[in-house]
Amino acid sequence: WVALNDGCTPSGDTETRSCIRIIDVDTSLQKINQDFDVGTMNYYYFYPALTVDSEKRLDLIFGYSSSNDYPGLVFTGQTSTEKNTLEPSQIFQTGMWYDSTGRYGDYFGAATDPENTTYAWVSGEFHSDHSSAWNTEIASTNPITIPEFSLSVQILLVSMLSIIIFYRLPLKMNKRI
């Protein structure tokens with residue numbers, strides 16, 4: 001699998017926007033299984049990060065913005081039986097200010113949970129206030145109940161690290177345990 005930034009004109013839109021391109025390559029057969037753009041009218045998508053869990057579900061995080069939205073974070077995925085489409089996206093962190101550092105997008109990532117490989121962890125960067133300090137949101141697809149909390153971290157600049165747990169809501173509920 002590979003995910004990258006791409007330009008596309010989303011359905012119903014008249015402008016070329018920043019979209020996400022997703023490609024699934026079978027390297028043993030030297031064959032492309034899937035190759036598609038992800039975009040939404042009036043929105044810009046960027047800096048994707050992905051992982052595939054042990055049940056072959058794709059987990060994807062990326063940034064989004066629009067003329068009405070500061071850069072925020074979106075999560076989505078794909079079950080092992082779906083092709084060239086994704087589950088409905090979930091905004092799991094809204095942005096609260098624009099980035100003026102020129103370094104936005106350095107901190108997006110996704111990884112399979114080493115303790116339970118049917119789940120994944122995702123993280124991404126956003127701004128919570130008018131400062132140049134960035135924030136990182138970390139989330140898991142593991143549907144356990146852990147209270148939300150915040151803690152301060154010193155990383156050259158003072159920033160906030162919020163750790164949340166969210167449920168992955170698949171397109172077809174009967175496919176998800």
Visitor: Just to verify, what does D35 make a salt bridge (charged side-chain N to carboxylate O under 4.0 Å, His left out) with, not counting sequence neighbours?
Guide: R21
Visitor: Considering all heavy atoms of both residues, which atom of M41 and which atom of P10 are nearest to each other, and what is their separation?
Guide: N-CB, 3.6 Å
Visitor: Is any side-chain heavy atom of D53 less than 4.5 Å from a side-chain heavy atom of Y119?
Guide: no
Visitor: Are more than 12 heavy atoms, taken from residues, nucleotides or ligands other than Y43, located less than 6.0 Å from that residue's OH atom?
Guide: no
Visitor: Do you know the tightest heavy-atom contact between D113 and W121?
Guide: OD2-NE1, 3.0 Å
Visitor: Is it true that a side-chain atom of T51 and a backbone atom of A110 form a donor plus acceptor pair closer than 3.5 Å?
Guide: no
Visitor: Looking at CD of Q93 and OG of S123, how far apart are the two atoms once the value is rounded to the nearest 0.5 Å?
Guide: 12.5 Å
Visitor: Taking transitive links into account, so neighbours of neighbours count too, which hydrophobic residues share a cluster with I23 at under 4.5 Å side-chain distance?
Guide: V2, L4, V25, I32
Visitor: I'd like to check the side-chain contact (heavy atoms from CB on, under 4.5 Å) partners of N68; sequence neighbours left out, ordered by chain and number.
Guide: S66
Visitor: Taking C-beta and beyond as the side chain, do D59 and L50 meet within less than 4.5 Å on heavy atoms?
Guide: no
Visitor: Would you say that V38 contacts I22 through its side chain, given a criterion of any heavy-atom pair below 4.5 Å between the two side chains?
Guide: yes
Visitor: Do E82 and T79 have side-chain N/O donor and acceptor atoms under 3.5 Å apart?
Guide: yes
Visitor: According to a hydrophobic-cluster definition based on side-chain heavy atoms being under 4.5 Å apart (Ile, Leu, Val, Met, Phe, Trp, Tyr only), do W1 and V74 belong together?
Guide: yes
Visitor: What distance do T76 atom OG1 and I91 atom CD1 have between them, rounded to the nearest 0.5 Å?
Guide: 12.0 Å
Visitor: Could you point out which residue of R57, Q34, K56 forms a side chain to side chain contact (heavy atoms under 4.5 Å, CB included) with Q78?
Guide: Q34
Visitor: Are W97 and D129 packed together at the side-chain level, in the sense that at least one heavy-atom pair is separated by less than 4.5 angstrom?
Guide: no
Visitor: To the nearest 0.5 angstrom, please state how far the CZ atom of F108 sits from the CZ atom of F126.
Guide: 10.5 Å
Visitor: Mind listing the closest non-hydrogen atom pair of F46 and S18 along with its distance?
Guide: CB-OG, 4.0 Å
Visitor: Test of understanding: with salt bridge (charged side-chain N to carboxylate O under 4.0 Å, His left out), list the residues that count as partners of D26, not counting sequence neighbours.
Guide: none
Visitor: Enumerate the disulfide (SG to SG under 2.5 Å) contacts for residues 12-84, please, sequence neighbours excluded, ordered by first and then second residue.
Guide: C8-C19
Visitor: Determine which pairs satisfy disulfide (SG to SG under 2.5 Å) with at least one residue from residues 56-131, sequence neighbours left out, and list them in order.
Guide: none
Visitor: Please say yes or no: joined through hydrophobic side-chain contacts below 4.5 Å, possibly via intermediate residues, are Y44 and L73 part of one cluster?
Guide: yes
Visitor: Show the nearest heavy-atom pair for residues D99 and H127, with the distance to one decimal.
Guide: OD1-NE2, 2.6 Å
Visitor: I need the minimum non-hydrogen distance between P48 and F62, along with the two atoms involved.
Guide: CA-CB, 3.9 Å
Visitor: Determine the interplanar angle of the W134 and Y107 rings, folded into 0 to 90°, and report it as parallel if under 30°, tilted if 30 to 60°, perpendicular if over 60°.
Guide: parallel
Visitor: I want to check something: taking the side chain as every heavy atom from C-beta on, are M96 and T94 in contact at a cut-off of under 4.5 Å?
Guide: yes
Visitor: With a 4.5 Å cut-off on side-chain heavy atoms, are E87 and F75 touching?
Guide: no
Visitor: Got a second to check how far T112's OG1 is from N116's CG, nearest 0.5 Å?
Guide: 10.5 Å
Visitor: I need the I20 CD1 to Y45 OH distance, nearest 0.5 Å.
Guide: 9.0 Å
Visitor: Rounded to the nearest 0.5 Å, how far apart are CD of E137 and OG of S128?
Guide: 10.0 Å
Visitor: What pair of heavy atoms forms the shortest contact from Y104 to E125, and how long is it?
Guide: OH-O, 3.0 Å
Visitor: Grouping I, L, V, M, F, W and Y whenever their side-chain heavy atoms are under 4.5 Å apart, do L86 and V52 come out in a common cluster?
Guide: yes
